[in-house]
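Notes follow once the structure below has been shown.
Heavy atoms only: backbone and side chains are in, while hydrogens, waters and symmetry mates are out.
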Amino acid sequence: MTQTSENVTWLTQEAYNRLKEELEYLSGPARTEIAKKIEEAREEGDLRENGGYHAAKEEQGKQELRVRQLTQLLQHAKVGEAPADDGIVEPGMVVTIAFDGDEDDTLTFLMASREYASSDIETYSPQSPLGTGVNGKKVGDTAEYELPNGKKASVKILDAKPYQG
């Protein structure tokens, strides 16, 4: 299960269902609630000095942005099984790397879209510089990626296992 294009996001069925539920809530009940808040604030009078109105409008803007993000994500999502436990780095894998081959300076992360991000494990997107560098590599391989300052860094792949979260 490899990333076939920049716009494709691989999701488990569980993640897809969770995001679809969030989209349905934001598109339905949440829209109604925010419209009601805006209308109630509008009825209070002068909109220029109405903090409740401005807060509700800002909340509405954030909500609509999230609706657009989820809509685009779900339109381009591919639902599939977890990747094979074959030691190849790809989306859905928990990867352990050593910086510059120093096995004392390691990082373990989940390679996945930010929709998977949780407090349990650090998450790197396959489109991030590190994600792009390690994607497709095998345990034991060395990978290079570009740092924000334009320099190159190398890492050694120590482990790659399917995410069980």
Worksheet item: Can you find a heavy atom in the side chain of K37 that is under 4.5 Å from one in the side chain of E33?
Response: no
Worksheet, complete the sentence: All heavy atoms of A98 vs all of L158, minimum pair found to be CB-CD1, 3.8 Å
Practice prompt. Identify the two heavy atoms, one from R31 and one from L26, that lie closest to each other, and give their separation to 0.1 Å.
Written response: CG-O, 3.4 Å
Item to complete: Would you check if D105 and D100 make a side-chain contact, meaning some heavy-atom pair closer than 4.5 Å?
Response: no
Worksheet item: What is the distance from atom NZ of K20 to atom OG1 of T71, rounded to the nearest 0.5 Å?
Response: 9.0 Å
Worksheet item: How long is the gap from CD1 on I34 to CD on E59, to the nearest 0.5 Å?
Response: 3.5 Å
Discussion item. Within this structure, what is the CD1-CG distance for the pair I38 and L47, rounded to the nearest 0.5 Å?
Written reply: 10.5 Å
Worksheet, complete the sentence: In short, V139 meets A160 closest at the heavy-atom pair CG2-N, 3.7 Å
Fill in: Close side-chain approach of V67 and L23, heavy atoms under 4.5 Å
yes
Discussion item. Can you give me the closest heavy-atom contact between A41 and G52, atom names plus distance?
Written reply: CB-C, 4.0 Å
Worksheet item: Would you say the side-chain atoms of Q63 pair up with the backbone N or O of A30, donor to acceptor, closer than 3.5 Å?
Response: yes
Item to complete: May I ask you to say whether E58 pairs ionically with K62, meaning some side-chain N is under 4.0 Å from a carboxylate O?
Response: yes
Practice prompt. Can you measure from CD (E21) to CG (L70) and round to the nearest 0.5 angstrom?
Written response: 12.0 Å
Discussion item. Does L107 form a side-chain contact (heavy atoms from CB on, under 4.5 Å) with L130? I'd like the steps, not just the answer.
Written reply: CA-CA 11 Å; L107 170 68; L130 177 58; 4.2 Å; yes
Less than 3.5 Å apart, which donor and acceptor atoms pair up between the side chains of residues 141-151 and the rest of the protein, not counting sequence neighbours?
unit_1	atom_1	unit_2	atom_2	d
D141	OD2	K138	N	2.8
N149	OD1	K151	N	2.9

Worksheet item: From M111 CE over to Q127 CD, what is the distance, rounded to the nearest 0.5 angstrom?
Response: 9.0 Å
Item to complete: Flag the pair K57 / H54 as yes when at least one side-chain heavy-atom distance between them is below 4.5 Å, and no otherwise.
Response: no
Discussion item. Could you report the tightest heavy-atom contact between P91 and N135, atom names first, then the distance?
Written reply: CD-OD1, 3.9 Å
Item to complete: Taking only Lys NZ, Arg NE, NH1 and NH2, and the carboxylate oxygens of Asp or Glu, determine whether R42 and E39 approach each other closer than 4.0 Å.
Response: yes
Worksheet item: salt bridge (Lys or Arg N to Asp or Glu O under 4.0 Å) with K161: which residues, sequence neighbours excluded?
Response: D85
Worksheet item: Side chain of T108, backbone of I97: donor and acceptor closer than 3.5 Å?
Response: no
Worksheet item: By ring pair (Phe, Tyr, Trp, His ring centres under 6.0 Å), which residues pair with F109, not counting sequence neighbours?
Response: Y124
Worksheet, complete the sentence: dist E44:CD -> N50:CG (nearest 0.5 Å) comes out at 5.0 Å
